[in-house]
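Taking it in order: structure first as structure tokens, then the write-up.
Predicted model only: the values in this text are computed from it and were never measured.
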Amino acid sequence: MAELGADGSNGLRVLVVDDNVDIADALAALLDLQGCQVRVAHHGEAGLEEALDFEPEVIFLDIGLPGMDGYEVARQLRSHSLGDHTTLVALTGYGQASDRQKAVEAGFDHHLVKPARLDQIRQILDQA
């Protein structure tokens, strides 16, 4: 993990976008315990709006969202200047090789299959 600042946080802004409220809230709580500033959205359009407002360094983004799916959210973020400085993490139940390839093509930096391990999440945060 990045070193914590004097205020007890590492200043890392993280957005969680997942339509499963329990998963999103649990991940947000975990990230908060890691010292991150966290916001949550539950569908693609809200996630895109929140990303543009919050300008997170890391976004954990579910693929199977209602309406605008995670692939489209990633593509739109990458087409915006914000996307140049944001680590996009697919956090999904889709784990086949073809799913991973689609994630790369959409602009994701990482692909984690639910449930993600804490060490995987920490490694991504350390690299952000």
Side-chain angles (χ1 to χ4, degrees):
M1 286 294 304
E3 285 193 36
L4 296 180
D7 66 350
S9 72
N10 62 12
L12 196 62
R13 291 181 313 276
V14 181
L15 174 62
V16 176
V17 184
D18 198 312
D19 61 321
N20 183 313
V21 174
D22 292 335
I23 289 173
D25 289 348
L27 180 55
L30 174 72
L31 293 166
D32 183 62
L33 288 172
Q34 300 299 312
C36 299
Q37 300 173 46
V38 185
R39 291 194 188 174
V40 176
H42 298 294
H43 59 83
E45 293 86 356
L48 187 57
E49 290 174 18
E50 195 68 46
L52 296 175
D53 177 58
F54 184 48
E55 298 185 4
E57 285 107 350
V58 178
I59 301 175
F60 289 93
L61 179 57
D62 185 23
I63 298 295
L65 297 168
M68 182 187 303
D69 69 17
Y71 297 125
E72 183 58 27
V73 173
R75 282 189 286 273
Q76 289 197 29
L77 284 170
R78 288 297 185 217
S79 71
H80 190 278
S81 62
L82 168 71
D84 297 339
H85 308 291
T86 302
T87 300
L88 293 180
V89 183
L91 184 58
T92 179
Y94 304 150
Q96 301 297 320
S98 60
D99 300 319
R100 292 177 187 277
Q101 183 59 38
K102 285 171 67 175
V104 168
E105 291 168 1
F108 283 96
D109 300 297
H110 303 278
H111 187 279
L112 302 179
V113 176
K114 293 177 186 177
R117 297 187 329 260
L118 180 56
D119 64 314
Q120 293 173 309
I121 293 169
R122 282 186 174 153
Q123 183 177 18
I124 288 167
L125 296 175
D126 284 344
Q127 294 171 358

**Prompt:** Measuring from L31:CG to R122:CZ, what's the distance to the nearest 0.5 Å?
**Reply:** 11.0 Å
**Asked** Atom CG in L15, atom CZ in F54: separation rounded to 0.5 Å?
**Response** 7.0 Å
**Prompt:** Can you list the residues that meet the side-chain hydrogen bond (donor to acceptor under 3.5 Å, both in side chains) rule with H42, with sequence neighbours excluded?
**Reply:** none
**Prompt:** Which of these passes side chain to side chain contact (heavy atoms under 4.5 Å, CB included) with L27: D18, V16, V14?
**Reply:** V16
**Prompt:** Would a distance-only check, ignoring hydrogens and angles, find a side-chain to backbone donor-acceptor pair under 3.5 Å from H111 to T92?
**Reply:** no
**Asked** side-chain hydrogen bond (donor to acceptor under 3.5 Å, both in side chains) with E49: which residues, sequence neighbours excluded?
**Response** none
**Message:** Measuring from atom OG1 of T86 to atom CG of L61, what distance do you get when rounded to the nearest 0.5 angstrom?
**Reply:** 11.5 Å
**Request:** Decide whether I23 and F108 are clustered together by the hydrophobic rule: side chain heavy atoms of Ile, Leu, Val, Met, Phe, Trp, Tyr closer than 4.5 Å, transitively.
**Result:** no
**Item:** D22: side-chain hydrogen bond (donor to acceptor under 3.5 Å, both in side chains) partners, not counting sequence neighbours
**Value:** none
**Hydrophobic cluster membership, V73 vs V104, 4.5 Å side-chain cutoff** = no
**Item:** Pairs where residues 62-71 contributes a residue and the test salt bridge (Lys or Arg N to Asp or Glu O under 4.0 Å) is met, not counting sequence neighbours
**Value:** D62-K114
**Asked** Residues two or more places apart in sequence or in another chain: which of them pass side chain to side chain contact (heavy atoms under 4.5 Å, CB included) with A41?
**Response** V17, A46
**Fill in**
Taken in chain and number order and not counting sequence neighbours, the residues that satisfy salt bridge (Lys or Arg N to Asp or Glu O under 4.0 Å) with E72 are R75
**Message:** Enumerate the salt bridge (Lys or Arg N to Asp or Glu O under 4.0 Å) contacts for residues 88-112, please, sequence neighbours excluded, ordered by first and then second residue.
**Reply:** R78-D109
**Message:** The criterion is side-chain hydrogen bond (donor to acceptor under 3.5 Å, both in side chains); which residues satisfy it with H110, sequence neighbours excluded?
**Reply:** none
**Asked** With L112, which residues qualify under side chain to side chain contact (heavy atoms under 4.5 Å, CB included), at least two apart?
**Response** F60, V89, L91, A116, Q120, I121, I124
**Smallest separation among heavy atoms of A24 and V40, with atom names** = CB-CG1, 3.7 Å
**Message:** Contact between L48 and M68 at the side-chain level, heavy atoms closer than 4.5 Å - yes or no?
**Reply:** yes
**Residues that E57 engages under side chain to side chain contact (heavy atoms under 4.5 Å, CB included), provided they are two or more places apart** = L12, R13
**Prompt:** Say you draw a straight line from CG of D25 to CG of D32; how long is it, rounded to the nearest 0.5 Å?
**Reply:** 11.5 Å
**Complete:** Output for pair (Q34 CD, L118 CG), nearest 0.5 Å, gives 5.5 Å
**Asked** How close do A28 and V38 get, heavy atom to heavy atom, and via which atoms?
**Response** CB-CG1, 3.6 Å
**Minimum heavy-atom distance between V58 and A128, given as atom pair plus value** = CG2-CB, 3.4 Å
**Over all atoms of both residues, closest heavy-atom pair of A90 and A103** = CB-CB, 4.4 Å
